[in-house]
Amino acid sequence: MAVSNTKTSFESLREWVVEHKLRTVGCLWLSGVTGSIAYNWSKPAMKTSVRIIHARLHAQALTLAALAGAAVVEYYDHKSGTKADRYAKFLPLETYPHKD
C-alpha cells in the first residue's frame with residue numbers, strides 16, 4: 001500500500017494564506033467593504049455618507065479580525081518550528097561566534 005503525498009485543498013489553501021498574509025487581509029478588507037456597501041444600500045432610509053461610513057467600520061472590524069488570525073498563524077508557525085526550519089538556511093550559525 002503506497003502512502004499518498006497529495007495535499008488536501010484545505011492544506012494547500014492554508015499554505016497559500018501563510019505565504020500571502022497581507023494579500024489575504026487586503027482581500028478580506030475589500031470584500032468586507034463591498035459586502036457592507038451592498039447590505040447598507042438595501043436600507044433606503046440611510047444617507048449615502050452614513051452608508052459609506054458604516055461600510056468602512058465593518059471592513060475595519062473584519063480587517064482587525066483577519067490580522068489577529070494572521071498573528072495566530074504566525075505564532076503557531078514559530079511555535080511548531082516550521083518557520084524556524086525555513087529561515088534556518090538563511091542564517092549560517094557557524095559564522096557567528098558563541099560565547100562559552
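- A search for ring-ring contact (aromatic ring centres under 6.0 Å, His included) contacts involving Trp16 returns His20, not counting sequence neighbours.
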(message) Val25 vs Thr63, test: side chain to side chain contact (heavy atoms under 4.5 Å, CB included). Steps then yes/no.
(response) CA-CA 6 Å; Val25 171; Thr63 302; 3.7 Å; yes
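- For the residue pair Asn40 and Arg51, the shortest heavy atom distance occurs at O-NE, 3.4 Å.
- In this structure, the separation between CG on Leu57 and CD1 on Ile52 is 12.0 Å, given to the nearest 0.5 Å.
- The CD1 atom of Ile37 sits 12.5 Å away from atom OG of Ser42, with the distance rounded to the nearest 0.5 Å.
- Leu30 is connected to Trp41 through a chain of hydrophobic side-chain contacts under 4.5 Å among Ile, Leu, Val, Met, Phe, Trp and Tyr, so both are in one cluster.
- Taking the side-chain contact (heavy atoms from CB on, under 4.5 Å) definition, one finds that Ser49 meets it with Lys47, sequence neighbours left out.
- The heavy-atom pair separating Ala59 from Gly32 by the smallest distance is CB-C, 4.0 Å.
- Listed by chain and residue number, Gln60 satisfy the side chain to side chain donor-acceptor pair (under 3.5 Å) test with Arg56 (two or more places apart in sequence, or in another chain).
- Remark: His54 engages no residue in a ring-ring contact (aromatic ring centres under 6.0 Å, His included) (not counting sequence neighbours).
- Of the possible donor and acceptor atoms, none in the side chain of Ser36 sits under 3.5 Å from a partner among the backbone N and O of Val33.
- In this structure, the side chain to side chain donor-acceptor pair (under 3.5 Å) partners of Lys43, at least two apart in sequence or on a different chain, are Tyr39.
- To the nearest 0.5 angstrom, Leu28 atom CG is 13.5 Å from Arg23 atom CZ.
- In this structure, Leu64 has no side-chain contact (heavy atoms from CB on, under 4.5 Å) partners at least two apart in sequence or on a different chain.
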